[in-house]
Amino acid sequence: MNRPAWALTWRCLRVWRRDWLVNRQSWKVGFLVPLLEPIFYVAAFGVGFRLLIPEVHYEGLTVSYVKFMAPSLVATSIMYNAFFENTYSSFVRMYYQKTYDAIMATPLSIEEVILGEILWGATKSVMAAIIVLAVLSVAGLIHYPSALAVIPLAFLGGLAFGSAGMVFTGIVKNIDTFNLPIFLFLTPMFLFSGTFFPTDTLPHWAQMAAQAVPLTHLVHLTRGLCFGIAGWRDVAVAVGYLLVFTALCLPLALAAMRRRLTR
Amino acid sequence: MSSNADDCVLEARHLRKLYGKAVAVDDVTFRVERGELFGLLGPNGAGKTSTIRMAYGSSPLSGGSLRVFGRDIVTDWRAIRMRLGVCHQDNNLDTEMSVRENLEVFAGFFGIPRAVARERADKLLTFFELEHRGESEVHELSGGMMRRLVLARAMVNEPEFLILDEPTTGLDPQSRHQVWERLGRLKQDGVSILLTTHYMEEAARLCDRLIIVDQGRILVEGRPRDLVAQYVGNQVVESSPVCPELRDFVKQRGLEHEDLGHRMLIYCKDDESLFREIARRYCQDNCILRMGTLEDVFLKLTGRDLRE
């Protein structure tokens, strides 16, 4: 077959720009989710759980439950924003709006379109992380300046989860099929990745399983940075894991989308 | 080798497209000359859209070669697309942006600076009579306006060559005439155009040359008037209903005709006396003489079976 080679250049930023411009409209309502969600969680866990779980022991610290849980809200919002952007939203643009078809008549390759979309997903993670951090900071739950490092971390986490989402966008039959990866991967990660309780309370096999998934590493480092206790080793492990995860998922996503869009 | 790249905007040679084992485009060879409006006609599933998708490098070739502006689409797709405009069959506009933003953001995909993009958008909105709708949302536009916006968007990079996939499908006659008028003006400005359409009247009116394809193969190529003259003649007698005596007459005289049961078309080239004879003897009131059309040619060549 006579097909063009992969082509990946900085031109992907043009697709990112398109998404950014569109987002200025939808963000007028969209920002409410990362703004209100942490408020609800802090209210529910801070008020509701205060008497049930007075404090948590974590890495030699003793903290209130709400303080323990708060950084997880940042980490999970990083995960959900990129994943949803590069599944549901990307699918709508690809399948219903045929935006990609239109762009592919311009000097952009499929790979550039898809990478632009993934970069945009990561950008949404960053925006969400900043808002969640701001809300939690008002509640006095975040330690600065180390927490500022969560912002670049959000971008990396967004790349990881966005690439994973885009792999599914490349293979799902229809938009309802996204329920499956969300139910099978995202929800278990949301519950068991050291988000709402430390992983060392889990049985050994479950701890091993937790170490294998990306959210555990993202939560661990986010918490370390929000508490101001992250060491270089924590940074190296989590960043290393997310880089490798992205390096695996991104080419898979590009290949799956290329396969899907090349007819 | 492309022969004289300056005169030819598109050259397809022995083009093939396979989807698994199904053959969509089968050994298609044609050229679009510079400044020409070239028609690509055919029933649904004939391979028109597959051909077009290969022409702008969105679909890989299964065989043959395709050159645009004298350059190979497989290796030089990016340079080619810089100078090319494509109007898709679907209104694949960005529904989340305003009319003007649709043009300006699309210009961004070509790397056109923002100030230039704004000027182009102004010019195109005026050209397509959308200047008062610049700030409208896409979903507020009528079908005709959306179509014009898709066309305008295809021209944001000031292309030398436009590929239009059914640009008037679904439009009312007013909108269609407006699009035709614009295409005529573009042609005058020297833009080359490759057009697909299901409207034979449109093809006959606009195209300098055209090909009719069916099941992936080219059936004929030529100027619309020449094709009509060659395949059906300038005059067609249409009789409905058909009396048995007329059937016998047609057979006996060996006239070229098409018998549709309740209706019969007799292609009588330029012989008007034949019509008078038929009308007098067989079908005084239910018989008309009309001009042969490209639609006659199309149906004669591709048959009347439905394509689904």
Side-chain angles (χ1 to χ4, degrees), chain A residues 1-30 85 88-117 120 124 257-263, chain B residues 16-19 24 49-50 52-66 72-98 101-102 104-112 137-138 150 153-154 156-157 159 163 165:
Chain A
M1 285 270 259
N2 230 346
R3 45 176 77 233
W6 278 36
L8 206 45
T9 69
W10 50 269
R11 290 180 183 85
C12 61
L13 294 177
R14 296 174 184 171
V15 178
W16 179 91
R17 177 170 167 260
R18 178 246 164 238
D19 289 339
W20 166 259
L21 291 172
V22 167
N23 183 69
R24 288 182 314 185
Q25 290 300 316
S26 49
W27 192 245
K28 286 174 189 163
V29 187
E85 184 63 28
Y88 289 106
S89 303
S90 289
F91 192 88
V92 166
R93 287 195 276 276
M94 169 184 75
Y95 188 84
Y96 295 101
Q97 299 186 355
K98 305 197 187 295
T99 310
Y100 298 171
D101 284 350
I103 300 177
M104 268 151 56
T106 73
L108 292 173
S109 67
I110 296 176
E111 294 79 31
E112 285 155 358
V113 174
I114 302 311
L115 183 60
E117 288 272 279
W120 170 246
K124 276 199 93 168
M257 288 303 282
R258 188 183 165 105
R259 220 180 106 98
R260 173 160 208 152
L261 293 170
T262 307
R263 279 162 283 161
Chain B
R16 277 169 69 78
K17 181 71 197 182
L18 307 171
Y19 295 108
T49 298
S50 294
I52 278 182
R53 289 172 59 92
M54 287 189 279
Y56 67 89
S58 150
S59 176
L61 279 55
S62 307
S65 70
L66 200 147
D72 191 329
I73 192 69
V74 178
T75 51
D76 290 347
W77 57 272
R78 214 193 286 270
I80 290 168
R81 285 191 204 163
M82 282 299 284
R83 301 159 62 187
L84 193 72
V86 181
C87 168
H88 290 98
Q89 231 174 76
D90 307 293
N91 285 338
N92 48 12
L93 293 163
D94 227 315
T95 51
E96 295 166 289
M97 288 191 271
S98 72
E101 283 175 322
N102 261 278
E104 293 186 4
V105 169
F106 211 72
F109 295 141
F110 290 89
I112 295 168
E137 297 288 314
V138 166
V150 177
R153 195 182 61 175
V156 83
N157 56 327
I163 296 179
D165 198 359

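Any value given below was found using the heavy atoms of this structure, including those in side chains, with hydrogens, waters and symmetry copies removed. Every chain is numbered from 1, with letters handed out A, B, ... down the list of sequences.
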Discussion item. For a 4.5 angstrom cut-off between non-hydrogen side-chain atoms, does Thr262(A) reach Pro60(B)?
Written reply: yes

Item to complete: Could you verify whether a donor N or O on one side chain and an acceptor N or O on the other, from Thr95(B) and Gln97(A), lie under 3.5 Å apart?
Response: yes

Discussion item. Please determine whether a side-chain nitrogen of the Lys or Arg among Glu96(B) and Arg24(A) lies less than 4.0 Å from a carboxylate oxygen of the Asp or Glu.
Written reply: no

Worksheet item: So which of Leu93(B), Val86(B), Asp94(B) has the biggest tally of heavy-atom pairs under 4.5 Å with chain A?
Response: Asp94(B)

Discussion item. Using a 4.5 angstrom heavy-atom cutoff, name the option from Tyr56(B), Tyr19(B), Phe106(B), Phe109(B) with the most pairs to chain A.
Written reply: Phe109(B)

Item to complete: Using non-hydrogen atoms and a 4.5 Å limit, figure out which bit of Arg11(A) sits close to chain B: side chain, backbone, both or neither.
Response: side chain

Discussion item. Quick check on Met97(B) against chain A: is it the side chain, the backbone, both or neither that has a heavy atom closer than 4.5 Å?
Written reply: side chain

Practice prompt. Of all the heavy-atom pairs spanning Met104(A) and Ser58(B), show the shortest one and how long it is.
Written response: CE-OG, 4.2 Å

Practice prompt. Evaluate side chain to side chain contact (heavy atoms under 4.5 Å, CB included) for Arg263(A) paired with Arg53(B), printing each intermediate quantity in order.
Written response: CA-CA 9 Å; Arg263(A) 279 162 283 161; Arg53(B) 289 172 59 92; 3.7 Å; yes

Fill in: Interface moiety of Ile110(A) toward chain B, non-hydrogen atoms closer than 4.5 Å
neither

Discussion item. To the nearest 0.5 Å, what is the distance between CG on Leu21(A) and OG on Ser98(B)?
Written reply: 10.0 Å

Fill in: Over all atoms of both residues, closest heavy-atom pair of Arg78(B) and Leu108(A)
NH1-CA, 4.1 Å

Discussion item. Can you tell whether the side chains of Glu101(B) and Arg18(A) come within less than 4.0 Å, N to carboxylate O?
Written reply: no

Discussion item. Test of understanding: with salt bridge (Lys or Arg N to Asp or Glu O under 4.0 Å), list the residues that count as partners of Arg83(B), not counting sequence neighbours.
Written reply: Glu160(B)

Worksheet item: What part of Phe110(B) gets closer than 4.5 Å to chain A, counting heavy atoms only: side chain, backbone, both or neither?
Response: both

Worksheet item: OH of Tyr88(A): more than 12 outside heavy atoms within 6.0 angstrom?
Response: yes

Fill in: Residue among Pro107(A), Ala102(A), Ser26(A) with most heavy-atom pairs under 4.5 Å to chain B
Pro107(A)

